[in-house]
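Below is one structure; the comments refer to it alone.
Naming convention: chains lettered A, B, ... in sequence-line order (proteins, then strands); numbering from 1 in each chain.
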2 protein chains.
Amino acid sequence: MTGTADGERAPEDVLVALADPIRREVLAVLAREGGATSTSLAAGLPVTRQGVAKHLAVLDRAGLVRAHRAGREVRYEVDPQPLRQAMRWMDTLATQWEHRLDAIKDLAEGTTGEA
Amino acid sequence: MTGTADGERAPEDVLVALADPIRREVLAVLAREGGATSTSLAAGLPVTRQGVAKHLAVLDRAGLVRAHRAGREVRYEVDPQPLRQAMRWMDTLATQWEHRLDAIKDLAEGTTGEA
DNA sequence: TCAAGGCGCAACCTACTGGTTGCATAAAGG
DNA sequence: CCTTTATGCAACCAGTAGGTTGCGCCTTGA
């Protein structure tokens, strides 16, 4: 099923997905190896295959990985797009904050040094 | 104390902090209002003051907010810097992924059309 | 000085997340 | 056809994150 498959995904899913160290490691391995299965991933991680599978499910829901069935294997690979989206979301947020802070600062200056 | 106060903070703290909807809301209010106290925040949120305080502690640990004591009040305001840092971290990650994906693609092309 | 407002700390509760084991199912390959 | 290998599903377990209440301490301001 590969996630919700809609282009406009909520950035919070990505944040939640990235908030776990094992999931970050999974992504790192997937990026390094160019793809892997839950079984092969579990071999190099301190969790069982089922544990990895659950993490992959979370990553898939966030759209950060894509699943491709090949015979009896299911191969996963990373997708940078949702990451880029989340970055844009954060950029908007940070910019808003900065504007507010500037506004506050200006206000303070206006109060103390009023011409 | 205002967080760990070191310039190079792990981006994962920011991710964890941002992964919670209430914390995102807290940040939104702080940015909109230009600062607030745990008590005033709790008034507009579906949690108690103590709940808000815990969230503020998490945000503070991530460096996303700064606490300023004013008499018997503690006023919090947002700090965009860790957000920017986290974005840079994500950018590095996304870029890495994209490079790997390109490498894989090139490899596939090379295999089929070897000159 | 004393009441009220605002915080901080600690104990406690609950739900969910991360993890496991066990079994069923499906594709490869002899 | 039977064995092996890989995945999928479900039940179950433990730790912790998010939330609450209760209480004590410190400022403010009348």
Side-chain angles (χ1 to χ4, degrees), chain A residues 1-4 10 12-30 33-77, chain B residues 1-5 10-30 33-77:
Chain A
M1 222 164 282
T2 300
T4 327
E12 57 222 44
D13 287 354
V14 175
L15 296 173
V16 170
L18 289 178
D20 184 276
I22 295 235
R23 280 195 288 269
R24 285 195 295 272
E25 180 63 23
V26 166
L27 290 171
V29 174
L30 286 182
E33 314 272 319
T37 67
S38 55
T39 304
S40 70
L41 282 166
L45 291 171
V47 287
T48 61
R49 174 183 64 88
Q50 303 291 2
V52 174
K54 284 195 185 179
H55 284 301
L56 285 170
V58 174
L59 291 170
D60 184 68
R61 256 177 269 133
L64 289 167
V65 300
R66 291 290 177 75
H68 300 282
R69 177 133 226 158
R72 65 179 159 185
E73 289 194 339
V74 177
R75 187 155 215 88
Y76 289 86
E77 54 187 53
Chain B
M1 228 166 281
T2 301
T4 326
E12 57 223 43
D13 288 354
V14 175
L15 296 173
V16 170
L18 289 178
D20 184 278
I22 294 234
R23 281 194 288 269
R24 285 195 297 270
E25 181 63 23
V26 166
L27 290 172
V29 174
L30 285 181
E33 315 272 319
T37 68
S38 55
T39 304
S40 70
L41 282 166
L45 291 171
V47 286
T48 62
R49 174 183 64 89
Q50 303 293 1
V52 173
K54 284 196 185 180
H55 284 302
L56 284 170
V58 175
L59 291 170
D60 184 67
R61 256 177 269 132
L64 289 167
V65 300
R66 290 290 176 76
H68 301 282
R69 176 134 227 158
R72 66 180 160 186
E73 289 194 338
V74 178
R75 186 154 217 86
Y76 289 87
E77 53 188 53

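Scanning atom types as modelled, one donor and one acceptor separated by under 3.5 angstrom connect the side chain of B:Gln50 and the base of D:dG22. The base of C:dG8 sits within donor-acceptor range of the side chain of B:Arg49, with an N or O pair under 3.5 Å.
Separating the CG atom in A:Leu56 from the CD atom in A:Gln50 is a distance of 11.5 Å, to the nearest 0.5 Å.
Distance, A:Leu45 CG to C:dG19 P: 10 Å, rounded to whole Å. With rounding to whole Å, B:Arg72 atom CZ is found 11 Å from D:dT27 atom P. A straight line from CD of A:Glu73 to C1' of C:dG29 spans 14 Å, rounded to a whole angstrom. Note: CZ (A:Arg69) to C1' (C:dT25) measures 10 Å, nearest angstrom. In this structure, CG of A:Leu15 is placed 18 Å from P of D:dA17, rounded to the nearest angstrom. The CG atom of B:Leu41 sits 13 Å away from the P atom of C:dG6 (whole-angstrom rounding). To the nearest angstrom, P of D:dG19 lies 13 Å from CD of B:Glu25. Following rounding to the nearest Å, A:Asp20 (CG) and D:dA17 (C1') show an atom-to-atom distance of 14 Å.
Between B:Leu64 and B:Leu18, some side-chain heavy-atom pair lies under the 4.5 Å cut-off.
Nearest heavy atom pair, residue A:Thr37 against residue A:Arg75, reads CG2-NH1, 3.8 Å. For the residue pair B:Ala67 and B:Asp60, the shortest heavy atom distance occurs at N-OD1, 4.5 Å. The two residues A:Leu30 and A:Ala36 make their nearest non-hydrogen contact at CD2-N, 3.5 Å.
Within the 4.0 angstrom heavy-atom criterion, no nucleotide atom of any strand lies near B:Arg75. At the heavy-atom level, A:Gly51 lies under 4.0 Å from base atoms of the strands shown.
Of the side-chain N and O atoms in A:Thr48, one or more sit less than 4.0 angstrom from OP1 or OP2 of C:dT20.
In terms of position on DNA chain C, the residue among B:Ser38 and B:Lys54 whose nearest nucleotide sits closer to the 5' end is B:Ser38.
Taking every side-chain heavy atom of A:His55 into account, C:dG19 is the closest of D:dG19, C:dG8, C:dG19.
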